[in-house]
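I have placed the structure first, in the form of structure tokens, so that the comments after it can refer back to it.
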Amino acid sequence: MISSHIIRPLILSAALSSLGGMACAAPVKIALIETLSGPQASTGNTYRDAARYEVDRLNAEGGWNGEPIKLLEYDNQGTPSGAADKLKTAIADGAQLVIQGASSAIAGQLSEDIRKYDIRNPGKELLFVNVGAEAMDLTGAKCHFHSFRFISNAQVKIKALVAAMKAANVLGTRVYSINQNYSWGADVQQAIEDNAANGGYEVVGKTLHDVNKIQDFSPYVAKIAATHPDTVITGNWSNDLLLLMKAARSGGLKVRFATTYMDQPGNLANAGSVALGAYVVHPFDAEAGGKKSEAFSEAFKAKVGHYPVFVEPQTVFAVKMVGAALKQVKPENGKLNVNKLALAIEQTKVETPMGEWSMRAADHQVLLPLVVSVVSKDAKFKVDGTDMGFRPVKLLTADEAATPAQKTCKMKRPS
């Protein structure tokens with residue numbers, strides 16, 4: 001464990017003073033097992049900052065049963081094996097919930113380890129709060145009762161992206177698919193092909209490439225240019241998206257980009273003018289929700305130092321939803337009953353600046369609104385110190401964005 005983050009603001013004291021007579025219980029401990037060092041630390045730190053923000057807010061409202069919620073932080077060093085080791089430490093430290101987001105591979109490791117632990121330790125179960133890993137299997141063949149996904153998946157995102165761009169008449173009829181060669185990238189590629197008929201386009205080329213190993217995307221840009229696409233759709237993130245955009249700029253590629261992670265900090269600054277006109281599908285846009293989203297953005301900035309972007313809003317809303325469910329569960333023998341918390345999450349609905357979030361009991365996939373935005377100089381909130389930002393094009397409700405539960409999910413529930 002690298003640190004323990006426990007905030008007990010003065011307002012908490014006031015809140016607790018009003019809770020006299022409440023049954024005593026051990027504080028709930030949430031383990032954040034994230035990539036907090038190495039090349040991907042910038043992503044892991046965004047999950048951490050957002051989790052801290054919302055846990056602090058929940059504690060200001062009284063925590064759980066009059067005790068502050070404790071957020072314990074562990075560095076998985078960007079590997080599944082590192083995450084597995086830190087999970088053991090978190091269990092020894094008394095954690096009952098585990099939060100993680102960066103990397104579906106790491107999420108797969110944690111989800112499976114938690115599933116096995118829960119089978120071996122009835123009455124001492126853990127709960128996995130997945131706030132960012134979007135591989136289909138996590139709510140498909142690998143779903144289980146103690147795993148919840150609080151973000152969309154490839155099918156949901158690409159469906160929303162294609163629908164909004166087609167409605168705006170900016171998608172075209174020729175699409176190129178380029179993605180990272182692992183579970184998430186393969187899922188995005190499949191979703192691009194699955195949505196071709198509804199989008200009215202032909203997939204004129206597709207590439208799966210190594211993850212975070214390519215320094216020069218020029219050959220890939222040349223391959224894309226040779227197919228003369230109208231739009232390039234990519235699920236790339238971090239350096240792979242950044243370097244792809246930079247190579248497109250250097251190569252003079254004249255296409256429209258449709259992305260899932262263009263809002264990652266640094267992307268617009270590095271891509272420059274080539275990003276103008278690019279589209280992104282994301283769970284939050286500071287303009288899309290009017291005064292509600294602007295108020296949330298200002299409150300987040302006041303605490304964290306910048307407006308919420310990238311994976312931060314979804315992490316805040318996920319922890320908010322867990323906090324709302326915690327309020328429905330009373331302590332038993334001085335502790336949180338994790339199985340009852342899981343059942344409460346299935347029934348919980350929370351209002352976010354984008355609209356209502358709820359949890360589908362069949363596969364523990366959150367149902368959430370999504371926004372499709374375009375990079376524009378007309379955006380109200382500028383990004384990365386540039387004169388560009390994300391101007392919302394379409395806000396889809398949770399029902400409009402949803403896709404059906406996967407038939408491969410065979411969830412076993414507590415008897």
Side-chain angles (χ1 to χ4, degrees), residues 32 34-36 40-54 56-57 99 101-103 131-134 150-152 157 160-161 234-242 245 257-272 275-320 352-355 357 368-395:
L32 180 136
E34 197 49 81
T35 305
L36 303 176
Q40 303 301 330
S42 60
T43 298
N45 288 336
T46 57
Y47 286 110
R48 180 200 60 194
D49 292 347
R52 283 180 177 179
Y53 170 85
E54 185 60 18
D56 285 354
R57 195 194 65 79
I99 293 179
S103 172
V131 293
E134 299 179 283
F150 292 86
I151 186 55
S152 52
K157 276 193 167 174
L161 188 60
T234 179
N236 279 11
W237 54 281
S238 197
N239 275 353
D240 284 338
L241 177 59
L242 171 61
M245 297 294 291
F257 276 90
T259 70
T260 55
Y261 294 113
M262 181 62 85
D263 58 349
Q264 185 172 2
N267 279 344
L268 293 197
N270 283 285
L276 284 171
Y279 286 74
V280 61
V281 56
H282 45 183
F284 179 80
D285 183 298
E287 285 188 58
K291 292 182 178 178
K292 289 182 179 178
S293 55
E294 291 189 15
F296 166 64
S297 297
E298 296 295 346
F300 188 91
K301 183 181 180 182
K303 290 279 290 186
V304 181
H306 60 264
Y307 291 119
V309 294
F310 189 38
V311 300
E312 290 169 334
Q314 70 205 40
T315 306
V316 170
F317 303 152
V319 178
K320 177 180 181 179
T352 79
M354 299 292 96
W357 278 37
L368 76 169
L370 287 176
V371 187
V372 175
S373 305
V374 63
V375 178
S376 170
K377 293 184 178 181
D378 295 332
K380 183 174 182 178
F381 292 85
K382 309 302 184 187
V383 175
D384 290 344
T386 71
D387 60 352
M388 301 180 290
F390 299 98
R391 179 172 56 78
V393 174
K394 185 174 179 59
L395 173 60

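As the structure is a prediction and not an experimental result, all values here were calculated from the model.
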Residues forming a side-chain contact (heavy atoms from CB on, under 4.5 Å) with Ala41, sequence neighbours excluded: Asn45
Non-hydrogen side-chain atoms of Lys380 and Glu287 separated by less than 4.5 Å: yes
With Ser152 via side-chain contact (heavy atoms from CB on, under 4.5 Å) - residues at least two apart: Glu134, Val156, Lys157, Leu368, Leu370
Check: Tyr261 main-chain N/O paired with Asn267 side-chain donor or acceptor under 3.5 Å: yes
side-chain hydrogen bond (donor to acceptor under 3.5 Å, both in side chains) partner of Thr43, the single match among Arg48, Gln264, Glu34: Gln264
Approximate separation, where rounding is to 0.5 Å, of Ile151 CD1 and Gln314 CD: 3.5 Å
Straight-line distance of Phe296 CZ to Tyr307 OH, nearest 0.5 Å: 12.5 Å
Flag side-chain contact, heavy atom, 4.5 Å: Phe300 against His306: yes
Interatomic spacing from NZ in Lys303 to CG in Asp56 - rounded to 0.5 Å: 5.0 Å
Plane angle bin for Phe317 and Phe284 - parallel if under 30°, tilted between 30 and 60°, otherwise perpendicular: perpendicular
Any donor-acceptor N/O pair, Thr260 side chain to Asn236 backbone, under 3.5 Å: no
Minimum heavy-atom distance between Tyr53 and Ala299, given as atom pair plus value: OH-CB, 3.6 Å
Least distance between heavy atoms, Ala258 atom then Leu161 atom: CB-CD2, 3.7 Å
Any donor-acceptor pair under 3.5 Å from Glu312 side chain to Val309 backbone: yes
Within 6.0 angstrom of Lys382 NZ, more than 12 heavy atoms from elsewhere: yes
Close side-chain approach of Val131 to Val311, heavy-atom, < 4.5 Å: no
Chi angles and distances behind the salt bridge (charged side-chain N to carboxylate O under 4.0 Å, His left out) call for Lys291, Glu294: CA-CA 5 Å; Lys291 292 182 178 178; Glu294 291 189 15; over 6 Å; no
Thr386 side, atom OG1; Leu268 side, atom CG - distance, nearest 0.5 Å: 5.5 Å
Heavy-atom closest contact (Leu395 atom, Pro369 atom, distance): CD1-CB, 4.3 Å
Step-by-step side-chain contact (heavy atoms from CB on, under 4.5 Å) determination, Tyr47 to Ile99: CA-CA 9 Å; Tyr47 286 110; Ile99 293 179; over 6 Å; no
Within-4.5 Å side-chain heavy-atom neighbours: Phe390 and Val375: yes
Distance-minimising heavy-atom pair for Arg391 and Ser376: NE-OG, 3.7 Å
Closest heavy-atom pair and its distance - Ala271, Met245: CB-CB, 3.9 Å
Lys320 vs Phe150, side-chain contact (heavy atoms from CB on, under 4.5 Å): CA-CA, chis, key distance, verdict: CA-CA 11 Å; Lys320 177 180 181 179; Phe150 292 86; over 6 Å; no
Close side-chain approach of Met354 to Pro283, heavy-atom, < 4.5 Å: no
Minimum-distance pair of heavy atoms, taken over all atoms of Pro313 and Pro308: CG-CB, 3.9 Å
Polar side-chain atom of Asp285 near backbone of Val371 as donor-acceptor pair, under 3.5 Å: no
Side-chain H-bond candidate by donor/acceptor type, Thr315 with Glu54, under 3.5 Å: no
Separation between OG1 of Thr234 and CG of Asp240, rounded to the nearest 0.5 Å: 8.5 Å
